[in-house]
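Everything below concerns the one structure shown next.
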Amino acid sequence: VGVITYTLGVAQSDRQAATSYVTPAPSPISETPVPTNAPTSEPQKASSKSTVIENIQAAVQSKNYAAIEGYMVDNVSVLLYATECCGIVSKQKATEQMSYLNNATPPWDFSPSSATAQKLINADPANFTNRIIGIASSGMVVSFNLNAQNKIDKIFISADYKLIAP
């Protein structure tokens, strides 16, 4: 009887130890998402404006528009001048619409002080003031607006800048 009681007592204390060991486990598991979410939000911080501008210029010149998708807000305003396209679209759709730029003849001029850029700003300030403006040698033009987080929220494309600023 003493051996049976001792065995039951050990078995009971093992169960309690196992229970006390298992009970705290949910606590760290429930806390785990907090630290893992914190680093994930850090890469979402705004990139420097100069980095974004360089990447936009490189993407347009190389026709690798997917490279700047990460610099876009989730829903981007896209306007193809003199068409019914596009409105507010997903950044994936905005990237697809940028393929319209494939028809441009390089090189691209992204100088904000160029005479053509200044004409566009004066003719259509809503689509060109404080924007990143690219003008292809064929006359095609694109402008990008960056929000306060340096994310692209508006893209404007025209087949020829002379349609806007003759």
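We're numbering straight along the sequence, starting at 1. Because only heavy atoms are used, hydrogens play no part in the values below, and waters and symmetry mates are left out as well, while side chains stay in.
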State whether the number of non-hydrogen atoms from other residues, nucleotides or ligands found under 6.0 Å of Asn130 atom CG is greater than 12. no

Output for pair (Asn150 CG, Ser47 OG), nearest 0.5 Å, gives 7.5 Å

Ser114 versus Thr116, side-chain donor and acceptor atoms under 3.5 Å: no

Rounded to the nearest 0.5 Å, the CG atom of Leu163 sits from the CE atom of Met140 at a distance of 10.5 Å

Is the backbone of Leu80 close enough, under 3.5 Å, to the side chain of Thr83 for a donor and an acceptor to pair up by distance? yes

Output yes when a side-chain donor or acceptor of Ser143 lies under 3.5 Å from a complementary backbone atom of Asn127, and no otherwise. yes

In the structure I gave you, are the side-chain heavy atoms of Leu101 and Val60 within less than 4.5 Å of one another anywhere? yes

Any side-chain heavy-atom pair of Val89 and Cys86 under 4.5 Å: yes

Decide yes or no for Phe144 and Val142: does some side-chain heavy atom of the first lie under 4.5 Å from some side-chain heavy atom of the second? yes

Using atom types as modelled and distance alone, determine if a side-chain donor or acceptor of Asp124 lies under 3.5 Å from a backbone N or O of Leu120. no

Met72 CE to Ile56 CD1 distance, which is reported to the nearest 0.5 Å: 8.0 Å

Going only through I, L, V, M, F, W and Y residues with side-chain contacts under 4.5 Å, is there a path from Tyr81 to Val141? yes

Grab the two heavy atoms, one from Ser111 and one from Ala117, that are nearest each other, plus how far apart they are. O-CB, 3.7 Å

Side chain proximity check, Ile132 to Phe110, heavy atoms < 4.5 angstrom: yes

Report yes or no: do Trp108 and Ile121 belong to one cluster of Ile/Leu/Val/Met/Phe/Trp/Tyr joined by side chain heavy-atom distances under 4.5 Å? no

Are any of the side-chain heavy atoms of Gln97 and Tyr65 separated by less than 4.5 Å? no

Could you tell me if the side chain of Lys154 sits less than 4.5 Å from the side chain of Arg131, heavy atoms only? yes

Distance-only side-chain donor-acceptor flag, Asn55 / Tyr71, under 3.5 Å: yes

If you measure from CE on Met98 to CD1 on Ile152, what distance do you get to the nearest 0.5 Å? 6.5 Å

Is there side-chain contact between Glu69 and Gln92, with heavy atoms separated by less than 4.5 Å? yes

Test of understanding: clusters of I, L, V, M, F, W, Y form through side-chain heavy atoms closer than 4.5 Å, transitively. Do Tyr100 and Val78 belong to the same one? yes

Do you see a donor-acceptor pair shorter than 3.5 Å between the side chains of Asp153 and Asn145? yes

Can you measure from SG (Cys85) to NZ (Lys93) and round to the nearest 0.5 angstrom? 7.0 Å

Side chains of Tyr161 and Ile133, heavy atoms from C-beta outward: is any pair under 4.5 Å? no

Are Val73 and Ile53 connected into the same hydrophobic cluster when the rule is that any two of I, L, V, M, F, W, Y join if their side-chain heavy atoms are below 4.5 Å apart? yes

Can you tell me how far apart NZ (Lys49) and CG (Leu146) are? Round to the nearest 0.5 Å. 6.0 Å

